[in-house]
2 protein chains.
Amino acid sequence: MAQAQTLSRNQQIVLDIIEKAKGPLKAYSILFNVQKKGINAPQQIYRALDKLIEMGKIHKIESKNAFVACRSSDCEISKATAFSICESCEMVDEISDTKLSKYISSFNHKKGMKFKRFNLEFFGLCKKCK
Amino acid sequence: MAQAQTLSRNQQIVLDIIEKAKGPLKAYSILFNVQKKGINAPQQIYRALDKLIEMGKIHKIESKNAFVACRSSDCEISKATAFSICESCEMVDEISDTKLSKYISSFNHKKGMKFKRFNLEFFGLCKKCK
DNA sequence: TAACAAACGTTATATTATAACAATGATAAA
DNA sequence: TTTATCATTGTTATAATATAACGTTTGTTA
Ligand SMILES: [Zn+2]
Ligand SMILES: [Zn+2]
Ligand SMILES: [Zn+2]
Ligand SMILES: [Zn+2]
């Protein structure tokens, strides 16, 4: 379990926006949303995003270059992440399924590689869109 | 099983480069490599890449924005892809494991989403790097 | 208080990807 | 063969995503 971490000003601002959002946010869309708070440069966003990812507060959806808040709390600082992504409405939902996660984590690659982390992205149509 | 498809000139050029490569290639690195063949613009690369992905000839490694040739032939036109990625040397290896693939494909999301496709990326250290 | 690390602000630039439009080539029906 | 249709190409321009580099400020600890 990760210990509680205090967030810096910029980290908190960025996290707040991501947590309030209904879906994944892109870095530059976050930037436009925080300009009134005195954040003006991409670097400031990307630095906060990097730290928030390290802390496990958010995840990057690699296939969309977008960021979501972690809603799962048992994804062990992003060591085992899984998402379901609607190809129509772009909704992203974090999958928190112990059995699935355990199964994948225990997968052993024949070629002698030792895994530290995985990321799984499912694509399809959500309830509303199908 | 996908039927044999004939590739256009640019598609063949791009595929050749990706198949010869030892590791994942980035779009602009492909571009620099084919300028002697008369391909000069990113669009030409990205268009070929798109088609090759559709055909299942190559895959995009989302976490690296890079492309690898499909070595598996049973990934059913990219409906079920899995890769092992070394965080040190950037080696990428396509995982072709029927059991793993079946298990993940049969996963049913509680929230009623019907999955059409998944992509799984493992990260760690390869044999050489650990 | 000195030393160190983390976070910040800023400017510039690198990297990845798409828009838009005209021209060409291949396929197949009429 | 002509005409229609569709995929592919070439080209210019621009959008979107991300990092480098530098100096300053702030917070923590010795
Ligand atoms: Zn999570
Ligand atoms: Zn949807
Ligand atoms: Zn494959
Ligand atoms: Zn390695």
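Letters go in sequence order (proteins before strands), and every chain restarts at 1.
Spacing between atom CD of Q12(B) and atom C1' of dT8(D) amounts to 15 Å, rounded to whole angstrom units. L25(B) places its CG atom 12 Å from the P atom of dT16(C), with the value rounded to the nearest Å. In this entry the distance linking NZ of K37(A) with C1' of dC8(C) reads 17 Å, nearest Å. Between the CG atom of L52(B) and the P atom of dA7(D) there is a distance of 16 Å, rounded to whole Å. Nucleotide dT8(D) holds its P atom 14 Å from the CD1 atom of I13(B), rounded to whole Å. The nearest whole Å value for the distance from the CD atom in Q44(B) to the C1' atom in dA7(D) is 15 Å. If you measure from atom CD of E62(B) to atom P of dT16(C), you get 14 Å, rounded to the nearest angstrom. Rounded to an integer number of Å, the gap from CZ of R9(B) to C1' of dA26(C) is 16 Å.
Taking the six-membered ring for Trp and the full ring otherwise, F122(B) and F107(A) have centroids separated by under 6.0 Å.
In this structure the side chain of L52(B) never reaches within 4.5 angstrom of the side chain of F67(B), judged on heavy atoms. You'll find the side chain of F83(A) reaches within 4.5 Å of the side chain of I61(A), heavy atoms only. Counting only heavy atoms from C-beta outward, the side chains of D93(A) and V68(A) never approach each other to under 4.5 Å. In this structure the side chain of K64(B) reaches within 4.5 angstrom of the side chain of E90(B), judged on heavy atoms. Side chains of S101(B) and D97(B) form no contact here, defined as non-hydrogen atoms less than 4.5 Å apart. With contacts defined as side-chain heavy-atom distances shorter than 4.5 Å, the pair L120(A)/T81(A) does not qualify.
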| request: Report the secondary structure of DNA chain C in dot-bracket form, marking unpaired bases with a dot and bases paired to a different strand with |, and treating Watson-Crick or G-U pairs with both distances under 3.5 Å as paired. | output: ||||||||||||||||||||||||||||||
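Put simply, S8(B) has a side-chain N or O that comes within less than 4.0 Å of OP1 or OP2 on dT9(D). Here K51(B) does not reach the OP1 or OP2 of dA7(D): none of its side-chain N or O atoms lies under 4.0 Å away. Regarding contacts with the backbone of dG9(C), every side-chain N or O of N40(A) stays at 4.0 angstrom or more from both OP1 and OP2.
For N10(B), counting side-chain heavy atoms from C-beta on, the closest listed nucleotide (dT9(D), dT8(D), dG9(C)) is dT9(D).
Q11(B) comes within 4.0 angstrom of sugar-phosphate atoms only, judged by non-hydrogen atoms across all strands, and of no base.
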| said: Across nucleotides 14-30 of chain D, 5' to 3', mark each nucleotide with B, S or - according to how protein heavy atoms within less than 4.0 Å reach it. | reply: ---BBBBB---------
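Minimum interatomic distance between A69(B) and E19(B) (heavy atoms only, all atoms of both residues): CB-CG, 3.7 Å. Residues M113(A) and L125(B) approach most closely at CG-O, 3.3 Å, considering heavy atoms.
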